[in-house]
J.: 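Below is a structure I'd like to ask you about.
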Amino acid sequence: MSSQFDGLAQMYEDMFALPWRKDLESHSVLAALGPVRGERVLDLGCGTGLYSRLLNAQGAELVVGQDVSEGMLSYARAQEPAGHLGIEYVHTLPPALEGTFDAVLGVYVLPYAEQYAELVELCGLAARALRPGGRFVTLPVNPDYDGRREYYERYGLRLFDAEPRFDASKVTLELEFGPYQETITARYWSREALEGALAEAGFTDIAWPPFQVSEQGMREHGKSFWGPYLRSPHASLITCVKAAAAP
């Protein structure tokens, strides 16, 4: 992962200005996560730290951002103002913090597991971080995404099969907006594989809530703009809870 993402920090930060991330994704993620005021939250695969900063602004007591990309972590740390937000960015979660978080957020983390065992391990990392009853919100590639190369172009991206679709098959994500043109390889996982991995890691109450558009986003762009994405989003939103007797 580090070699694929180290040089993409500025692009990922600027991508949050795109309507689908600003008015749909982040709006839906924060709604699914629920109130975090006074809570301890881990941003798993934090990237540039934008969600970490949003969680901090929502009043979380502690926010820890974890990522394997040193380039992303360096960018995230550089965003701390002179007064210091108090967000901790780490390459590996310290053992002392395991089992202490109320919530874990994992945006576009699961699509980079290349084998089912790695998928279970990523889910297990979230489970180990959580206290019993803690919640995990994550975004994988939508198992039913539209594979036509042009379908998501109006949103600044293309997503299509790099090979026949099966668990762990490669999918290609092309990002093209502003001055950016980048290609990223991710992995497809079926609904059954995703739910199986979460269950193996000790999660229950697995749900797939729909995305929702903010009122401002609907006013600015209208139903016709959002309709194709909402009918077949390129990502899915999954929520679940760590069981009291998780492995």
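What you see is a predicted model, and the numbers here were worked out from it, not measured in a lab. All heavy atoms count here, side chains included; hydrogens, waters and symmetry mates do not.
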J.: So which atom in P111 and which in Y108 form the shortest heavy-atom distance, rounded to 0.1 Å?
T.: CD-C, 3.6 Å
J.: Report the distance from atom CG of L55 to atom CD1 of I87, rounding to the nearest 0.5 Å.
T.: 8.0 Å
J.: Quick one: pull up SG in C46 and CD in Q66 and give me the separation to the nearest 0.5 Å.
T.: 7.0 Å
J.: Before you tell me yes or no, could you show the steps for V29 and E25 under side chain to side chain contact (heavy atoms under 4.5 Å, CB included), namely the whole-Å CA-CA distance, both residues' side-chain angles and the distance that decides it to 0.1 Å?
T.: CA-CA 6 Å; V29 164; E25 180 196 289; 4.2 Å; yes
J.: Any side-chain heavy-atom pair from L198 and I238 closer than 4.5 angstrom?
T.: yes
J.: Do E13 and T48 get their side chains close enough for a donor-acceptor pair, meaning under 3.5 Å?
T.: yes
J.: Using the benzene-type ring in the case of Trp, are the ring centres of Y229 and H234 under 6.0 Å apart?
T.: yes
J.: Going through the distances and angles, do R128 and E121 end up as a salt bridge (charged side-chain N to carboxylate O under 4.0 Å, His left out)?
T.: CA-CA 10 Å; R128 290 193 299 275; E121 174 56 28; 2.8 Å; yes
J.: I need the L194 CG to C123 SG distance, nearest 0.5 Å.
T.: 7.5 Å
J.: As a quick check of understanding, evaluate side chain to side chain contact (heavy atoms under 4.5 Å, CB included) for S190 and Y188, giving each step before the final call.
T.: CA-CA 7 Å; S190 66; Y188 169 88; 4.2 Å; yes
J.: Side chains of Y89 and Q79 only: does a donor on one sit below 3.5 Å from an acceptor on the other?
T.: no
J.: Quick check against the 3.5 Å criterion: does T138 have a side-chain atom that pairs as donor or acceptor with the backbone of G106?
T.: yes
J.: Measure the spacing between OG1 of T239 and CG of D205 and express it to the nearest 0.5 Å.
T.: 8.5 Å
J.: Tell me whether V137 shares a hydrophobic cluster with V241, the cluster being built from Ile, Leu, Val, Met, Phe, Trp, Tyr side chains joined at under 4.5 Å.
T.: no
J.: Could you tell me if the side chain of K22 sits less than 4.5 Å from the side chain of L18, heavy atoms only?
T.: no
J.: Is the NZ or CZ atom of R21 positioned over F16's six-membered ring, under 6.0 angstrom from the centre and within 45° of the axis?
T.: yes
J.: Does the side chain of S236 come under 3.5 Å of the side chain of N142 through a donor N or O and an acceptor N or O?
T.: yes
J.: In a check of side-chain contact (heavy atoms from CB on, under 4.5 Å) between L159 and each of L175, I184, L173, which one passes?
T.: L173
J.: Between Y145 and R165, what is the shortest heavy-atom contact and its length?
T.: O-NH1, 3.3 Å
J.: Decide yes or no for F211 and P209: does some side-chain heavy atom of the first lie under 4.5 Å from some side-chain heavy atom of the second?
T.: no
J.: Do you see a donor-acceptor pair shorter than 3.5 Å between the side chains of Y180 and D14?
T.: yes
J.: State, to 0.1 Å, how close G65 and L73 come at their nearest heavy-atom pair, and which atoms those are.
T.: O-CD2, 4.3 Å
J.: Could you tell me if E174 and Y152 have a donor-acceptor pair between their side chains, going purely by distance under 3.5 Å?
T.: no
J.: Minimum heavy-atom separation for Y51 to S26, with atom names?
T.: OH-CA, 3.1 Å
J.: Can you find a pair of side-chain heavy atoms, one from L93 and one from E98, that are under 4.5 Å apart?
T.: yes
J.: Quick check for you: to the nearest 0.5 Å, what is the distance between L54 atom CG and Q58 atom CD?
T.: 7.0 Å
J.: For F160, what residues pass the ring pair (Phe, Tyr, Trp, His ring centres under 6.0 Å) criterion, not counting sequence neighbours?
T.: none
J.: Between K242 (side chain only) and L130 (backbone N and O only), is there a donor and an acceptor less than 3.5 Å apart?
T.: yes
J.: Is there a donor-acceptor contact under 3.5 Å from the side chain of Y112 to the main chain of A186?
T.: no
J.: Evaluate side chain to side chain contact (heavy atoms under 4.5 Å, CB included) for V107 paired with V109, printing each intermediate quantity in order.
T.: CA-CA 6 Å; V107 178; V109 174; 5.9 Å; no
J.: Please check this pair: side chain of S232 against backbone of D146, looking for a donor-acceptor N/O pair closer than 3.5 Å.
T.: yes
J.: Donor-acceptor check, side chain of D67 to backbone of G47, threshold 3.5 angstrom: yes or no?
T.: yes
J.: Looking only at atom types and distance, does a side-chain atom of Y116 sit under 3.5 Å from a main-chain N or O of A197, one as donor and one as acceptor?
T.: yes
J.: Between Y75 and V64, is there a shared hydrophobic cluster once you connect ILVMFWY residues whose side-chain heavy atoms come closer than 4.5 Å?
T.: no
J.: If you take all heavy atoms of Y151 and P228, which pair is closest and at what distance?
T.: OH-O, 2.7 Å
J.: Return the set of residues passing salt bridge (charged side-chain N to carboxylate O under 4.0 Å, His left out) with D23 (not counting sequence neighbours), or none when no residue passes.
T.: none
J.: Measure from the side-chain N and O atoms of S28 to the backbone N and O of Q212, and report whether any donor-acceptor pair falls under 3.5 Å.
T.: yes
J.: Taking it one step at a time, do H27 and V213 satisfy side chain to side chain contact (heavy atoms under 4.5 Å, CB included)?
T.: CA-CA 7 Å; H27 177 72; V213 181; 5.9 Å; no
J.: Can you find a heavy atom in the side chain of P19 that is under 4.5 Å from one in the side chain of Y155?
T.: no
J.: Testing the 3.5 Å rule here: is there a donor-acceptor pair between the side chains of W208 and E195?
T.: yes
J.: As an exercise, state the distance from CZ of R77 to CE of M72, rounded to the nearest 0.5 Å.
T.: 13.5 Å
J.: Are more than 12 heavy atoms from other residues, nucleotides or ligands located less than 6.0 Å from atom CD of Q181?
T.: no
J.: Would you give me the side-chain donor-acceptor pairs under 3.5 Å for residues 31-45, sequence neighbours excluded?
T.:
residue	atom	partner	partner atom	Å
E39	OE1	R135	NH1	3.3
E39	OE1	R135	NH2	2.6
E39	OE2	R135	NH1	3.3
R40	NE	T100	O	3.1
D43	OD2	S52	N	3.2
D43	OD2	S52	OG	2.8

J.: Is there a chain of hydrophobic side chains (I, L, V, M, F, W, Y, each step under 4.5 Å between heavy atoms) that links M218 to F225?
T.: yes
J.: Strictly distance-based, threshold 3.5 Å: is any side-chain N or O of W189 a donor or acceptor partner for the main-chain N or O of F166?
T.: no
J.: For the pair E153 and R158, find out whether any cationic side-chain nitrogen is under 4.0 Å from an anionic carboxylate oxygen.
T.: yes
J.: Check S214 against G217 and note the closest heavy-atom contact, atom names and distance.
T.: OG-N, 3.0 Å
